[in-house]
Amino acid sequence: MEPKRALLKKLTREFYNRDATIVAKELLGKLLVHEFEGKRLSAIIVETEAYMGVSDKAAHSYGGRRTQRVEVMHGDAGYAYVFMVYGKNYCFNTVTREKGNPQAVLIRAVEPVEGVELMAQNRFGKPLKALTKPQEKGLTNGPGKLCEALAINRSMNGVDLCDSEIYIEDNEKPVTDIVETTRVGIDYAEEAKYYNWRFYIKDNKYVSVK
DNA sequence: GCCGGGATACTCT
DNA sequence: GAGTATCCCGGCA
């Protein structure tokens, strides 16, 4: 029997329909799942960032900006916002708050749980055993890296996390030790770069930047 | 172990 | 045509 699995459940739209800062914090410790080619790829969320929308100079939706790329952020909570940065890396976000209030939470790092063998293949094209120590540590410790490991790409932009093969599950283990600090890679954002809107699980080795 | 620079292609001006 | 919510590798310590 598998009592633990039975207790896990998919997060609801109500969960996502709150401010990004709250959702970002509560997503820590939850399980990001992708049912990929009949297998479960899953990983514990250990680092997130909140993008608070219209008033947040770091957000793509700052000032109500509404282009093709950000369109999903303007929609309802609980949908995936996936975009490409620097030509080769994808970033996975969950949209938060209701339609018309374009906030999102960026998943920056996760800790592999199920399907680790496949993640090694996705990232490095070789079996887990063959990975060097740095490669093992670098499996999912960054926004672009976790997308590659979990086989997340542009085709998931706009999918409903409440009703698709990619979703986030609740986890009975509460996270207590949370570090709140500044976000990464947003030097252009003036005063917003100093906001403590990045959250991570203290002492977790998969966190991208301490 | 830390630091610097180049890759890379998509998005918006 | 410029900028980018990153990653990786090589050089030096």
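What you are looking at is a predicted structure, and each value in this text was computed from that prediction instead of being measured. Below, chains carry the letters A, B, ... as their sequence lines are ordered, and counting in each starts from 1.
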Subject >> Atom CD of A:Glu191: over 12 foreign heavy atoms under 6.0 Å >> reply: yes
Original post:
Quick one: how far along DNA chain B does chain A reach, first to last nucleotide 5' to 3', anything under 4.0 Å to a heavy atom?
Top reply: B:dA7 to B:dT13
Original post:
What residue pairs, at least two apart or across chains, pass ring pair (Phe, Tyr, Trp, His ring centres under 6.0 Å) with a residue in residues 22-54 of chain A?
Top reply: A:His34-A:Phe36
Subject >> Secondary-structure stems, DNA chain C, at least 3 Watson-Crick or G-U base pairs under 3.5 Å >> reply: B:1-7 with C:6-12, B:9-12 with C:1-4
**OP:** Find the distance between OG (A:Ser61) and CZ (A:Arg69) and round it off to the nearest 0.5 Å.
**Re:** 10.5 Å
**OP:** Hey, could you give me the CG/CD1 distance between A:Asn171 and A:Ile44, rounded to the nearest 0.5 Å?
**Re:** 6.0 Å
Original post:
For A:Lys202, does the NZ atom have more than 12 heavy-atom neighbours from other residues, nucleotides or ligands under 6.0 Å away?
Top reply: no
Original post:
Counting any heavy atom closer than 4.0 Å, what does A:Arg123 reach on the DNA or RNA strands: base, sugar-phosphate only, or nothing?
Top reply: sugar-phosphate
Subject >> Short side-chain N/O contact from A:Arg108 to OP1 or OP2 of C:dT6, under 4.0 Å >> reply: yes
**OP:** May I have the distance from A:Arg183 (atom CZ) to C:dA5 (atom P), rounded to whole angstrom?
**Re:** 11 Å
Original post:
Does A:Lys30 come within less than 4.0 Å of A:Glu169, counting only side-chain N to carboxylate O?
Top reply: no
Original post:
Could you state the CZ-C1' distance from A:Phe199 to C:dA5, rounded to the nearest angstrom?
Top reply: 15 Å
**OP:** Could you check A:Arg69 against A:Val85 and say which one's nearest nucleotide on DNA chain B is further toward the 5' end?
**Re:** A:Val85
Subject >> Gap between atoms NZ and P, on A:Lys88 and C:dG3 respectively (whole Å) >> reply: 19 Å
Original post:
Between C:dA5 atom P and A:Asn196 atom CG, what is the distance in whole Å?
Top reply: 19 Å
Original post:
Over how many whole Å does the gap from A:Tyr86 atom OH to C:dC9 atom C1' extend?
Top reply: 18 Å
Original post:
A:Asp187 CG to C:dT4 P: how many Å, rounded?
Top reply: 9 Å
Original post:
Which part of the nucleic acid, if any, lies within reach of A:Ile186 when heavy atoms closer than 4.0 Å are counted: base, sugar-phosphate only, or nothing?
Top reply: sugar-phosphate
Original post:
Are A:Tyr188 and C:dA5 close enough that a side-chain N or O sits under 4.0 Å from OP1 or OP2?
Top reply: yes
Subject >> With A:Arg13 via salt bridge (charged side-chain N to carboxylate O under 4.0 Å, His left out) - residues at least two apart >> reply: A:Asp160
**OP:** Report the C-alpha distance between A:Glu35 and A:Tyr167 in whole Å, list the side-chain angles of each, state the deciding distance to 0.1 Å, and finish with yes or no for side-chain hydrogen bond (donor to acceptor under 3.5 Å, both in side chains).
**Re:** CA-CA 9 Å; A:Glu35 291 172 4; A:Tyr167 50 90; 2.6 Å; yes
Subject >> Whole-Å distance separating the CE atom of A:Met84 from the P atom of C:dT6 >> reply: 13 Å
**OP:** Please check if the side chain of A:Arg198 supplies one atom and the backbone of A:Val209 the other of a donor-acceptor pair under 3.5 Å.
**Re:** yes
Subject >> Under-4.0 Å side-chain N/O to phosphate OP1/OP2 contact, A:Lys145 with C:dC8 >> reply: yes
**OP:** Residues of residues 55-67 of chain A with any non-hydrogen atom less than 4.0 angstrom from an atom of DNA chain C: list those, numerically ordered, please.
**Re:** A:Ala58, A:His60
Original post:
Could you give the CG-to-C1' distance, from A:Leu146 to C:dA5, as a whole number of Å?
Top reply: 13 Å
Subject >> Residue from A:Glu49, A:Glu180, A:Lys210 passing side-chain contact (heavy atoms from CB on, under 4.5 Å) with A:Tyr200 >> reply: A:Lys210
Subject >> Residue pairs involving residues 138-155 of chain A (criterion side-chain hydrogen bond (donor to acceptor under 3.5 Å, both in side chains); sequence neighbours excluded) >> reply: A:Arg123-A:Glu148, A:Asn141-A:Lys145, A:Asn153-A:Ser155
Subject >> A:Arg40 and A:Leu31, any side-chain heavy atoms less than 4.5 Å apart >> reply: yes
